[in-house]
Visitor: 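Sharing a structure with you now.
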Amino acid sequence: MEFKDKKDLLDYARKLEGLSISEANINNSVSEQDIKYGKNYSGKGKFGQFIEENYFDKKNDSLSAPDFSEVGVELKVSPLKYLKNGEIRVKERLVLNIISYDKLLNDKNFLDSHFIYKNKSILLIFYFYDNKVPLYKLKVNLVDIWELLDRDFNQIKRDYEYIVEKVENGLAHEISEGDTMYLGACTKGSTQKKSMIKQPNSKQLARRRAFCFKTSYINTIYKTLVLEKRNRISLENRLIKDSSTNFENYINNLFKPYLGKTVHELCLLFDCNIKSKSVNANIARKIIGFNKKNKTFYEFEAAGIQIKTIRVELNGKIKEHMSFKNIYYTEIINEIWEDSAFYEELVSKFIFVIFKKNLNNQGYHLDHINIWNMPQNDIDEAKKVWKITKENIRKGIFDKFPRASENIVSHVRPKGQSSSDLMETEGFGLQKKYCFWLNKDYIKSQI
DNA sequence: GCATGATCATGC
DNA sequence: GCATGATCATGC
């Protein structure tokens with residue numbers, strides 16, 4: 001398998017997040033049979049080898065080039081464990097390339113070093129360690145690319161130069177992992193005489209060592225990447241950074257191939273039920289690539305991006321108002337506006353997916369998309385509706401919410417599975433479910 | 001023909 | 001089982 005660029009590699013690798021290899025490989029060339037009964041992997045690096053061969057379809061090698069040499073990325077897997085208190089920690093140091101004491105002395109310039117050539121971009125696959133479970137069932141938790149030169153550059157450089165200096169002074173046998181801060185030189189192999197190797201500038205034999213990220217450092221990396229995942233989110237930033245396109249272009253490009261197609265055609269393409277009330281929404285989600293495995297759903301949710309579909313009639317009017325989440329009666333009464341569920345939804349970025357009535361007046365087609373967020377003035381206007389609604393719920397008035405004719409932006413209307421679909425209240429028993437809506441005339445004025 | 005109330009398919 | 005994203009249905 002060859003990758004176009006780092007993003008291409010990361011996109012593919014990220015499909016592993018939350019899954020095991022056997023779960024992730026379902027649509028791949030590797031069958032579960034192959035995985036289960038194939039070659040036996042052994043030794044410390046077995047999960048890394050296993051993933052490299054069975055997910056990335058690469059032969060294991062010990063070449064000096066990075067594993068994904070076409071994009072200059074090295075693959076590393078890192079086991080995680082649970083602490084008693086339920087927190088997650090990286091289980092052990094991350095071992096990088098082996099140190100050749102002789103070559104190191106010709107490799108003193110950190111930036112030009114073999115170490116940087118090999119490790120400047122590392123595809124990190126964090127998984128939950130469990131020695132009682134076969135490799136194909138181990139769950140991957142987090143996947144990301146760590147750019148060594150963008151992070152902690154100065155400290156890593158100091159650590160590297162410290163190790164070089166020790167070797168230069170003929171003191172390789174005195175090196176200890178504790179000498180350095182982030183980058184360590186950890187031992188490889190036993191202390192037995194036969195596994196000791198020669199060093200330049202000294203007659204003393206020294207233990208074989210490899211560069212590693214010390215356990216504390218790889219733990220910090222893990223924590224950093226978990227936080228970034230939570231903020232990944234900055235889907236927008238990531239897209240700009242990764243593919244030098246902006247969010248709007250990115251989304252537009254996703255939809256471009258389908259513009260002009262009828263709902264009927266799209267249903268066939270995406271295997272959607274045309275009778276479903278949310279058929280247009282279902283199509284839109286599939287165009288964007290949402291499915292059970294694809295984590296873009298996470299990114300959209302975390303970034304607060306909402307996808308809403310709109311049907312436009314031949315006369316340009318919009319068919320229906322736009323609904324939001326159910327109102328939770330026991331919660332809204334204690335909310336303040338800026339922290340309220342409705343406010344949070346309104347300050348989202350919206351992708352409006354606009355379907356237009358076909359010219360023959362039969363059915364709709366996907367016309368265009370529009371990325372929108374609500375102007376502050378209109379958010380202030382919606383606040384009035386929210387405030388009245390909240391007061392009514394507090395007082396127990398459940399049959400007189402703001403109507404579409406009473407506010408230019410928003411109103412409140414029922415939303416349940418039926419009129420006997422009820423929700424609990426604070427002191428007024430069970431009541432019919434309602435939600436906030438944006439008025440269709442208001443939407444029309446915005447697109 | 002629109003405002004409002006009622007309800008549906010889907011996915012987790 | 002139920003929230004969600006939405007459309008359907010009807011009465012004025």
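From a predicted model like this one, the values you see are computed outputs, not experimental measurements. Numbers restart at 1 for each chain; the letters A, B, ... are given by sequence-line order, proteins then strands.
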Visitor: When you check the side-chain N and O atoms of A:Y442 and A:D378, is any donor under 3.5 Å from an acceptor?
Guide: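 Looking only at side-chain atoms, A:D378 and A:Y442 do form a donor-acceptor pair, the distance falling under 3.5 Å.
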
Visitor: Could you tell me the separation between the CG atom of A:D271 and the P atom of B:dG11, rounded to a whole number of Å?
Guide: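 Atom-to-atom, A:D271 to B:dG11, this comes out as 10 Å.
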
Visitor: Please confirm whether any donor atom in the side chain of A:K277 sits under 3.5 Å from an acceptor in the base of B:dT10, or the reverse.
Guide: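 Per atom types, no contact qualifies.
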
Visitor: Taking only side-chain nitrogens and oxygens of A:K433, does any of them come within less than 4.0 Å of OP1 or OP2 of C:dT4?
Guide: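 No, A:K433 has no side-chain N/O under 4.0 Å of OP1/OP2 on C:dT4.
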
Visitor: Identify which nucleotide among B:dT4, B:dA6, B:dA3 has an atom closest to any side-chain atom of A:K440, counting heavy atoms from C-beta outward.
Guide: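 Looking only at heavy atoms from C-beta outward on A:K440, the closest nucleotide is B:dA3.
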
Visitor: Starting at atom NZ of A:K308, determine the distance to atom P of C:dG5, rounded to an integer number of angstrom.
Guide: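 For the pair A:K308 NZ and C:dG5 P, the rounded distance is 5 Å.
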
Visitor: How many angstroms lie between CD1 in A:I310 and NE2 in A:H368, if you round to the nearest 0.5 Å?
Guide: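 These two atoms lie 8.0 Å from each other.
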
Visitor: Measure the distance from CG on A:N326 to P on C:dG5 and round it to the nearest whole Å.
Guide: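 Distance check: A:N326 CG to C:dG5 P gives 10 Å.
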
Visitor: Do any side-chain nitrogens or oxygens of A:T309 fall under 4.0 Å of OP1 or OP2 in C:dA6?
Guide: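 Yes, because at least one side-chain N or O of A:T309 sits under 4.0 Å from OP1 or OP2 of C:dA6.
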
Visitor: Please work out if A:S419 contacts a base, only the sugar-phosphate, or nothing of the nucleic acid, heavy-atom cut-off 4.0 Å.
Guide: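 Sugar-phosphate, backbone atoms only, no base.
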
Visitor: Rounding to a whole Å, what distance do you find between A:I307:CD1 and C:dG5:C1'?
Guide: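 Between C1' of C:dG5 and CD1 of A:I307: 11 Å.
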
Visitor: Salt bridge check, A:K325 against A:E345: does any charged N sit closer than 4.0 Å to a carboxylate O?
Guide: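 A salt bridge links A:E345 with A:K325.
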
Visitor: Which nucleotide, B:dG5, B:dA9, B:dT7, lies nearest any side-chain atom of A:K415?
Guide: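 Between B:dG5, B:dA9, B:dT7, the one nearest the side chain of A:K415 would be B:dT7.
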
Visitor: OP1, OP2 of B:dT4 versus side-chain N and O of A:R403: anything below 4.0 Å?
Guide: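 Answer yes for this pair, as a side-chain N or O of A:R403 is under 4.0 Å from OP1 or OP2.
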
Visitor: If I take atom NZ in residue A:K319 and atom P in nucleotide B:dT4, what distance separates them, rounded to the nearest angstrom?
Guide: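 These atoms are roughly 18 Å apart.
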
Visitor: Looking at side-chain heavy atoms only, is the closest gap between A:L124 and A:V143 below 4.5 Å?
Guide: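 No. Closest side-chain heavy atoms not under 4.5 Å.
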
Visitor: Among B:dT10, B:dT4, B:dG5, which is the nearest nucleotide to the side chain of A:P414?
Guide: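 Comparing B:dT10, B:dT4, B:dG5 against the side chain of A:P414, the answer is B:dG5.
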
Visitor: Starting at OG of A:S278, measure out to CG of A:N280 and round the result to the nearest 0.5 Å.
Guide: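 So the gap between those two atoms works out to 9.0 Å.
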
Visitor: Between A:F213 and A:Y217, how do the two ring planes meet: parallel, tilted or perpendicular, split at 30° and 60°?
Guide: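 A:F213 vs A:Y217 ring planes: perpendicular.
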
Visitor: Let's see if you can work this out: which of C:dG5, B:dT7, B:dT4 has an atom nearest to the side-chain heavy atoms of A:S418?
Guide: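 From the listed options, B:dT7 comes nearest.
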
Visitor: Describe the nucleic acid contact of A:N273 in one word from base, sugar-phosphate, nothing, applying a heavy-atom distance below 4.0 Å.
Guide: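 Here A:N273 touches the backbone only, sparing every base.
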
Visitor: If you find the nucleotide of DNA chain B closest to A:S420 and the one closest to A:K317, which residue's nucleotide is nearer the 5' end?
Guide: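 Its nucleotide being nearer the 5' end, the pick is A:K317.
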
Visitor: Please report the distance, rounded to the nearest Å, between CD in A:E345 and P in C:dT4.
Guide: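 Whole-Å distance recorded here is 8 Å.
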
Visitor: Does A:H411 reach a base, just sugar-phosphate, or nothing at all? Heavy atoms under 4.0 Å.
Guide: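 Nothing, no nucleic acid heavy atom in range.
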
Visitor: Looking only at side-chain N and O atoms, does A:R311 come under 4.0 Å of OP1 or OP2 in C:dC8?
Guide: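 Affirmative; the distance criterion is met.
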
Visitor: Let me know, please, whether A:V412 or A:S278 comes out on the 5' side of the other along DNA chain B by nearest nucleotide.
Guide: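 Going by which nucleotide is closer to the 5' end, it is A:V412.
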
Visitor: Please report the distance, rounded to the nearest Å, between CD in A:E320 and P in C:dT4.
Guide: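 Result: 20 Å.
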
Visitor: Taking 4.0 Å as the cut-off, does a side-chain nitrogen or oxygen of A:S405 come that near to OP1 or OP2 on B:dT4?
Guide: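 So the side chain of A:S405 is within the cut-off, an N or O lying under 4.0 Å from OP1 or OP2 of B:dT4.
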
Visitor: Would you state whether a donor and an acceptor, one from the side chain of A:S323 and one from the base of C:dA6, lie under 3.5 Å apart?
Guide: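 Flag set: donor-acceptor pair detected.
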
Visitor: Of A:M423 and A:I310, whose nearest nucleotide on DNA chain C comes first from the 5' end?
Guide: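 Result of the comparison: A:M423.
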
Visitor: Give a yes/no on whether any side-chain N or O of A:K432 is located under 4.0 angstrom from OP1 or OP2 of B:dA6.
Guide: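 Indeed, a polar side-chain atom of A:K432 lies that close.
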
Visitor: What is the nucleic acid contact for A:Y434, judged by heavy atoms within less than 4.0 Å: base, sugar-phosphate only, or nothing?
Guide: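 Nothing, no nucleic acid heavy atom in range.
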
Visitor: Separation of A:H321 atom NE2 from C:dT7 atom C1', in whole Å?
Guide: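 From A:H321 NE2 to C:dT7 C1': 12 Å.
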
Visitor: Return yes if the base of C:dA3 and the side-chain atoms of A:Q417 contain a donor-acceptor N/O pair under 3.5 Å, otherwise no.
Guide: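 Side chain to base: pair found, below 3.5 Å.
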
Visitor: Going by heavy atoms in the side chains, are A:E92 and A:P79 under 4.5 Å from each other?
Guide: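 Result yes, sub-4.5 Å side-chain heavy-atom pair found.
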
